[in-house]
Amino acid sequence: MNQEIEKVECLIIGSGPAGFTAAIYAARADMKPVMYEGLQPGGQLTITTDVENYPGYPDGIEGPMMMDHFKKQAVRLGADIRFGIVTSVDFSQRPFTCVVDEKKTIVAESIIIATGASAKWLGIPSEQKLNGSGVSACAVCDGFFYRGQDVAIVGAGDTACEEASYLAKLCNKVHMIVRRDTFRASKAMQHRVENTPNIEIHFNSETDEILGDTVVEGARLKSTLDGSLKTISVTGFFVAIGHTPNTSIFKPWIHMDEQGYIMTKPGSSYTNIEGVFACGDAQDKIYRQAVTAAGSGCMAALDAERWLSSQHSA
Ligand code: NDP
């Protein structure tokens, strides 16, 4: 039952680098942004450890602390950041209607979608136990910590191939674990992996278990052909089996690709619905970095501000 209705000028949905940057810009533009943080306040960076590739932190910073900085900056500038999950939206007419936690209704003149994406995981207990202690879903974020060491990566798509190539430059050896007898990745990416001497590809292999008590020490692979087991010795274990954009509630209204990534008009954050803007990983399956998400959050706030001004002066 909807009990409360509140009108806002700019509603930001999601609280990763994209959402907070949008909040900072929108607050400074006097759009009085209201943000609902969503299921994972702070976004994917709150489940990583050290972030060393975000400019401005010469000594690196822990992901959760960085997101706390983003939040404090947005709050100081006047953004209204709230704990809550937008559970449904109606973009059929303006202003748009969004329901929070299935009870509160927000009526918004403009919307910035910054709901991000979630990495897919294998779903085995050892993966969860060692997450952040050698298990990672982002080679670009965490590969650096395994310089000169042996690592493994699971997956056979473009991301896995790209990340395996990235890791091969840093690490001594990369074991690539592929569940079928073939790749899903484009031919060019496959060839790159196949022609990299320190990548060993284990086809027809599943991860039976990631080994180690407190940190990753190895992995046990199981053949999909005959069930035989073999152990590899690694200190880092990367999972690159795809991401799921957190966009399902927008599906009836917003144009998306077949995987659910929001399609924005090139060079902008405009979606197919006027007044609804998208930024961050919800619309980016290629770069997926905190800094690119932050940049696109800035774009969304600037686009929303210009669009709102054009509406008010019309
Ligand atoms: P994909 O969905 O393309 O590939 C996922 C891979 O993970 C598949 O090989 C799949 O195996 C494997 N996989 C899924 N579940 C499991 C599991 N439980 N155990 C083992 N393996 C598993 O995801 P990507 O992230 O690679 O790519 C997403 C999209 O982004 C694609 O369209 C891709 O082309 C694009 N992309 C483009 C890039 C570029 O152009 N530079 C870079 C990165 C991504 P199987 O093949 O057996 O199903």
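Below, each value reflects all heavy atoms present in this structure, side chains not excepted, and no hydrogens, waters or symmetry copies. Counting convention: from 1, in listed order, for ligands and their atoms alike.
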Please could you name the atoms of ligand 1 that [X] approaches to less than 4.0 Å, counting only its heavy atoms?
X: Arg288; answer: 25 (O)
X: Gly157; answer: 4 (O), 6 (C), 9 (O), 26 (O)
X: Val154; answer: 20 (C)
X: Ala156; answer: 6 (C), 9 (O)

Is [Y] paired with [X] through a side-chain N to carboxylate O contact shorter than 4.0 Å?
X: Lys7; Y: Glu109; result: no
X: Arg82; Y: Asp80; result: yes
X: Glu6; Y: Lys104; result: yes
X: Asp284; Y: Arg288; result: no

**Prompt:** Would one find an N or O of His243, backbone or side chain, under 3.5 Å from an N or O of ligand 1?
**Reply:**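 No, there is no polar N/O contact under 3.5 Å.
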
Distance from [atom] to nearest protein heavy atom, with residue and atom:
atom: atom 1 (P) of ligand 1; answer: Arg184 CD, 3.9 Å
atom: atom 41 (N) of ligand 1; answer: Glu162 OE2, 3.0 Å
atom: atom 5 (C) of ligand 1; answer: Ile241 O, 3.6 Å
atom: atom 24 (P) of ligand 1; answer: Thr159 OG1, 3.2 Å
atom: atom 36 (N) of ligand 1; answer: Asp158 CB, 3.8 Å
atom: atom 40 (O) of ligand 1; answer: Ile286 CD1, 4.0 Å
atom: atom 10 (C) of ligand 1; answer: Arg179 NH2, 3.8 Å
atom: atom 47 (O) of ligand 1; answer: Arg180 NE, 2.7 Å

**Asked** Given that the side chain starts at C-beta and the backbone is N, CA, C, O, which of these parts of Gln259 lies under 4.0 Å from ligand 1, counting heavy atoms, or is it both or neither?
**Response**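 The side chain, only.
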
**Prompt:** Just heavy atoms, cut-off under 4.0 Å: does Leu122 contact ligand 1 by side chain, backbone, both, or neither?
**Reply:**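 The part of Leu122 near ligand 1 is the side chain, not the backbone.
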
**Item:** Partner of Thr105 under side-chain contact (heavy atoms from CB on, under 4.5 Å), chosen from Asp90, Ile5, Val100
**Value:**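 With Thr105 as partner, Asp90, Ile5, Val100 yield a single side-chain contact (heavy atoms from CB on, under 4.5 Å), made by Ile5.
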
**Prompt:** Which one of Cys298, Ser269, Cys279 satisfies the side-chain contact (heavy atoms from CB on, under 4.5 Å) criterion with Asp303?
**Reply:**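 Among the candidates, only Ser269 passes.
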
**Prompt:** Is it true that the side chains of Ser186 and Asp158 contain a donor and an acceptor less than 3.5 Å apart?
**Reply:**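 Side-chain D/A pair, Ser186 to Asp158: present.
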
**Asked** With a cut-off of 6.0 Å (strictly less than), are more than 12 heavy atoms of other residues, nucleotides or ligands near CZ of Arg94?
**Response**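 Yes, CZ of Arg94 has more than 12 neighbouring heavy atoms, counting only those of other groups under 6.0 Å.
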
**Asked** So is Glu258 close enough to ligand 1, meaning a heavy atom under 4.0 angstrom away?
**Response**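 Under 4.0 Å: no for Glu258.
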
**Item:** Point-to-point distance, once rounded to the nearest 0.5 Å, from CG of Leu221 to CD of Glu209
**Value:**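 Taking CG in Leu221 and CD in Glu209, the distance rounds to 11.5 Å.
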
**Message:** Is there a path of hydrophobic side-chain contacts, each under 4.5 Å between heavy atoms of I/L/V/M/F/W/Y residues, joining Trp307 to Val276?
**Reply:**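 No.
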
